[in-house]
Amino acid sequence: MGEETGSREQESKITPRARDYAQWYQDVVRCADLAEPAEVVRGCMVIKPHGYAIWEKIQAELDRRFKALGHKNAYFPLFIPESFIRKEAEHVEGFSPELAVVTIGGGKELTERLIVRPTSETIIGHFFSKWISSYRDLPLRINQWANVVRWEMRPRVFLRTTEFLWQEGHTAHATHEEAIEETLRMLEVYESFAREFMAMPVIAGQKTPSEKFAGALTSYTIEAMMQDGRALQAGTSHDLGQNFGKAFDVKYLSREGRLEYVWQTSWGVSTRLIGALIMCHSDDNGLVLPPKLAPIHTAIVPIYKSDAERTSVLEACNRLGGALRNKGLSVVVDDRDECKPGAKFFEWERKGVPARVEIGPKDLARGQVAIKRRDGGDRFFVSGDAAADRIVALMDEIQDALRKRALEFRESHTRTCDSFDEFVGIMAGPEGFVRGGWCGDASCEAKVRETTRATIRCIPLNNPKESCPCMVCGKPAGERVIYAKAY
RNA sequence: CGGGGCGUAGCUCAGCUUGGUUUAGAGCGCGUGGUUUGGGACCACGAGGUCGCGGGUUCGAAUCCCGCCGCCCCGACCA
């Protein structure tokens, strides 16, 4: 290192993925100006405007989808009485190690300690019990946009921070069937959102008992493959059964006059999605954003020498900018005088803007503009009249190209495997997903984890039945599950 | 919590081994002025640091000793 020739390349240097993937990730986050480690608060991050703008886009679309399905937003306290956490046995056990606890308030020791919420099943359970008394109150569908705190051992910006932003949906139903239906419906919302908006294909499936949410009957997940072949859990949906209903006494009187416990679900996605977005599409030049989540769709860079050129070029830039905005795109006309066009190109590239437009004197003379798409390919020229429509169409093309590329990557890094020895070899190499049989035994699952650090990411939904051996013990498995190393 | 690395200007670091020629430096970034502008511009001038914190050794500490704190990386945990 240090053999670079100084200049601004130094501080905006992005480590190539092939050399050090973890460093590359941090470099992209920094160079795209998405977030920075809070430093003064261990494990926490500052989400900077460009990063937060992506989160707002994610929020807007998910919020729209939730509301369309009848969920209503609400907000519950940040603090949870410690006794609440203890009411559901498995829940306490799962979350105890990572709780932040408030012991002093207003200078006085509290009579009951307060937990900074790691998730809100307990406190929402408490209020559900007050709000629900009849089958007529069901189903109850609530969503909360909030921050939560989990004292994780090893934080990573966006992927695993001590405090993170998320949405948590909580619903209560009269029957288990209805709750299961809800759980799967929300999983589907996540799956389609990831595919359609993030251009990120995911595998929707069920977690094994050892990987499920503490307190759930069954947990479902969407698993995405990152560019280093590792899996990232991008969202979860839980069938909570009556576990929290019983712990918090959430009962209703049925039509038949019987007192019953409700069946609940919970589901969530977090700012981790931004990490997923980065590791799914970005390259050695920085962030690559799918147009549907890009805060800025197009950056227009004017090129000029004289003042006269500046005036006419800027006029053309603003005209195109206005036309694009009228078509619903978010546009920046980069008229900063303090940096050269080249510097602007690099900046917008690092920030993942899907399309860049250049307009200079030569273009004005020829009645054209130059366009470069962020996801690859050479710069090309389009007539000024056709530019706006072309760029709008380009957004869909890029969205689609990114999705296809990610899907192809996943397919080409997914292998089918029946032998444990072969599996160990795969996990020692460039990794990826492995479709292998699993007999259902926790000890076989544990052996995989101990020897390779890989885990069963999920049992895919609608999994075809096939006669294959358990990859570990060789007993008949009946279906294949997804094995991978995870973040 | 175990293993490793590191704290000197906004950033990346040099200086520390062998304490004093360092009124603490460099490059990048930042400010002003000028020349520039189709893939990271150049020149000139300038602003900017109680050397992570606390103690100790010494005539003298960024440099040596002790303690503490923090950050990063690798594991176990997780959205």
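A, B, ... follow the sequence lines: proteins, then strands. Residue 1 opens every chain.
Residues E445(A) and R449(A) are not paired through a salt bridge, judged by the lack of any N-O separation under 4.0 Å between the basic side chain and the carboxylate. Salt-bridge check for K212(A) with E90(A): passed, with a basic side-chain N closer than 4.0 Å to an acidic carboxylate O. Between R374(A) and D283(A) there is a salt bridge, with a side-chain nitrogen of the basic residue lying less than 4.0 Å from a carboxylate oxygen of the acidic one. R373(A) has a carboxylate O that lies under 4.0 Å from a charged side-chain N of E397(A), or vice versa, which qualifies the two as a salt bridge. Using a cutoff of 4.0 Å between basic side-chain nitrogens and carboxylate oxygens, E61(A) and K57(A) are not scored as salt-bridged. Classification of R185(A) and E182(A) as a salt-bridged pair holds, one side-chain N sitting under 4.0 Å from a carboxylate O. Classification of D27(A) and R30(A) as a salt-bridged pair holds, one side-chain N sitting under 4.0 Å from a carboxylate O. Using a 4.0 Å cut-off between charged side-chain N and carboxylate O, R160(A) and E152(A) make no salt bridge. Classification of K207(A) and E223(A) as a salt-bridged pair holds, one side-chain N sitting under 4.0 Å from a carboxylate O.
Across I303(A) and P341(A), no two heavy atoms sit closer than the pair CG1-CG, 3.8 Å.
The side chain of R453(A) sits closest to A76(B) out of C77(B), U37(B), A76(B). The listed nucleotides are C77(B), A79(B), U37(B); the one nearest the side chain of R449(A) is C77(B). Comparing G39(B), C78(B), U36(B) against the side chain of K340(A) picks out U36(B) as the nearest. Residue P341(A) places its side chain closer to U37(B) than to any other of C78(B), U37(B), G40(B).
Summarising the base pairing, C11(B) is matched to G27(B) through a Watson-Crick or G-U wobble pair whose two defining distances lie under 3.5 Å. Under the Watson-Crick or G-U wobble criterion, with both distances below 3.5 Å, U21(B) is left unpaired in every strand shown. The partner of G70(B), taking Watson-Crick or G-U wobble pairs whose two distances both stay under 3.5 Å, is C6(B). When both pairing distances are held under 3.5 Å, G75(B) makes a Watson-Crick or G-U pair with C1(B). Base pairing of G60(B): no nucleotide in any strand meets the Watson-Crick or G-U wobble criterion (both distances under 3.5 Å). Under the Watson-Crick and G-U wobble criteria, each requiring two contacts below 3.5 Å, nucleotide A41(B) is paired to U35(B).
On the P atoms, G40(B) is 46 Å away from A79(B), given to the nearest whole Å. For G19(B) and C65(B), the C1' atoms lie 13 Å apart once the distance is rounded to whole Å. Spacing of C1' atoms, G29(B) relative to A76(B), comes out at 40 Å, to the nearest Å. Rounded to whole Å, the C1' atom of A26(B) lies 33 Å from the corresponding atom of C66(B). The gap from the P atom of G52(B) to that of G7(B) amounts to 9 Å, rounded to the nearest Å. Only the P atoms considered, C43(B) is 11 Å distant from G27(B), to the nearest whole Å. Using P as the reference atom, A24(B) and C72(B) are 32 Å apart when rounded to the nearest Å. Rounded to a whole angstrom, the distance from the C1' atom of A44(B) to that of U36(B) is 15 Å.
E152(A) comes within contact range of at least one nucleobase, with a heavy-atom separation under 4.0 Å. Nucleic acid contact for T161(A): base, since at least one base atom lies under 4.0 Å from a heavy atom of the residue. Residue contacts for P361(A): at a heavy-atom cut-off of 4.0 Å it reaches a base atom on one of the strands shown. Here L273(A) lies out of heavy-atom contact (under 4.0 Å) with every strand. Residue G360(A) is classed as a base contact, given a heavy-atom separation below 4.0 Å to a base.
For the pair Q23(A) and C72(B), the criterion of a side-chain N or O lying under 4.0 Å from OP1 or OP2 is not met. Between K362(A) and G38(B) there is no side-chain N or O to OP1 or OP2 distance below 4.0 Å. Considering only side-chain N and O atoms, R160(A) lies nowhere under 4.0 angstrom from the phosphate OP1 or OP2 of A79(B). Dashed line: the shortest gap from a side-chain N or O of R356(A) to OP1 or OP2 of G39(B) is not under 4.0 Å. Of the side-chain N and O atoms in K344(A), none sit less than 4.0 angstrom from OP1 or OP2 of G40(B). OP1 and OP2 of G39(B) both lie 4.0 Å or more from every side-chain N or O belonging to R350(A).
Rounded to a whole Å, the CZ atom of F95(A) is 9 Å from the P atom of C78(B).
Remark on RNA chain B: of its neighbouring residues V269(A) and P155(A), the 5'-side contact belongs to P155(A), judged by nearest-heavy-atom nucleotide. Taking the nucleotide of RNA chain B with the nearest heavy atom to each of Y487(A) and L364(A), the more 5' of the two is matched to L364(A).
Stacking of F164(A) onto the six-membered ring of A79(B) is present: less than 5.5 angstrom between centres, less than 30° between planes. For the pair F346(A) and G40(B), the ring geometry qualifies as stacking, because the centroid separation is below 5.5 Å while the planes lie within an angle under 30°.
When each of I274(A), T271(A), V148(A) is tested with L165(A) by the rule side-chain contact (heavy atoms from CB on, under 4.5 Å), just one qualifies, namely T271(A).
A heavy atom lying under 4.0 Å from RNA chain B marks none of the residues of residues 52-66 of chain A. Within residues 297-310 of chain A, the residues having any heavy atom closer than 4.0 Å to RNA chain B are, in order of number, I303(A), Y304(A), K305(A).
Inspection of the T183(A) and D239(A) side chains reveals no N or O donor paired with an N or O acceptor under 3.5 Å. In the model, S266(A) has no side-chain atom that pairs as donor or acceptor with a side-chain atom of H170(A) under 3.5 Å.
Applying the 3.5 Å distance criterion, the base of G39(B) shares a donor-acceptor pair with the side chain of E349(A). No donor-acceptor contact under 3.5 Å links the side chain of R30(A) to the base of C11(B).
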